[in-house]
Amino acid sequence: MLSAISTPLEQHRLVLKLRPLLTGQLFLATKLESPVFVWSGGLFNPVFQAGEIPNRERIRELLTEQIKEVYLYPADAKAISDQLEQTLIKVTRSLSVGDPKENGSRALKLMSLNLDSLYKNPHDDQLLMKQFQSSQNMAKFLIENKKIIPLFFKDIGKEKFHFTILQPMMSSMLLLGYLQSIHLFHEREIETLFLTSLMKDVGLGLIPEDKYDIKGLTHDEQVLFAHHAQFSYDILDGRIPLTKNQLSIIKHHHFLNDRLKRILNKEKPRAGEDGMMFGVESTMVAVADIIVAMTSNRPYRQGLSTYQSLELIRKMIGDEYPQEFRALVVFLKNFLK
Ligand SMILES: [Fe+2]
């Protein structure tokens, strides 16, 4: 029987001691040294006790109840984080051994969990390197298994991760599938662009979490949010082996947003305002990101249909990249069916 911690002093002590972790990370827990808590009704309430291995069915129930984070004592949090790192590398190194659907799906979930840890600790070198290495392995695996990318894309989209995690995961898979379909890029280039796309949002880790889910951001908050691309650049520069071109794509991965805003607001560009376009690589990284963002639901709005999003993409890039746009329409028809 789990005993509640009810005195204000004990609750206050927990605030100082406990560490947040995504509920899904409990699947990686071995025997707990201390209890695990959820935050509800203004209190920490225990859900698993010391000495037990968290029951998988109960973890699923917590996820169904929309309990996205649990709180653990540091030793247990560290043990689970270590387990995640080891499992992530093991699984992404042996993706080709066994059932590719099962392996890929498991690896993508582990990468999503690791990305969440990276958002919480963007300056942790080990976490960053693990994300980078597993992304490299995942790129090679997806290139070899292109037929199941749409399945992975749909399945990860159904997971209960926050959209800041799903957004780079899904947009990078979409990008990789598209680049493969147009036969203009070598495998190595596709791998590089997949990696670039997957790492482009690590700067979101520097933005307070409570800002993600609200609609009416203040001007300063909007500016802060728009800065996440620059934050990503600052976090990644010199820490993992990315080329100048990759870093530049990351820094400018929202370069189409002003154009999109003007289209949505039916504004005409002022002279010289709309002339900046980047190369096809930057454009496709940005477009894949925008398609996933527009077609996904957010806590404050419904997603658009694929058709509606393509109509906007056409207005954004149709003049500069007519062939690529037509290829995108054909690709999405198959990819999202
Ligand atoms: Fe972004």
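Just so you know, ligand 1 is whichever comes first in the structure, and atom 1 is the first atom listed for that ligand. Every value quoted in this text rests on a predicted model; they were computed, and no experiment measured them.
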>> Within the structure provided, determine whether E324 and T283 are in side-chain contact (heavy-atom separation under 4.5 Å).
In response: no
> Yes or no on side-chain contact (heavy atoms from CB on, under 4.5 Å) for F325 and V287, after CA distance, side-chain angles and deciding distance?
Replying inline: CA-CA 10 Å; F325 176 73; V287 163; over 6 Å; no
> Hey, is there an N, O or S on D201 sitting under 2.8 Å from the Fe ion (ligand 1)?
Replying inline: yes
> Looking from the Fe ion (ligand 1), what is the angle between NE2 on H228 and NE2 on H254, to the nearest 10°?
Replying inline: 90°
> Is the closest side-chain donor-acceptor distance between H228 and H253 under 3.5 Å?
Replying inline: yes
>> Ignoring hydrogens and geometry beyond distance, is a side-chain donor-acceptor pair present between D155 and S105 at under 3.5 Å?
In response: no
>> If I consider every N, O or S atom in H253, which one ends up closest to the Fe ion (ligand 1)? I only need its name.
In response: NE2
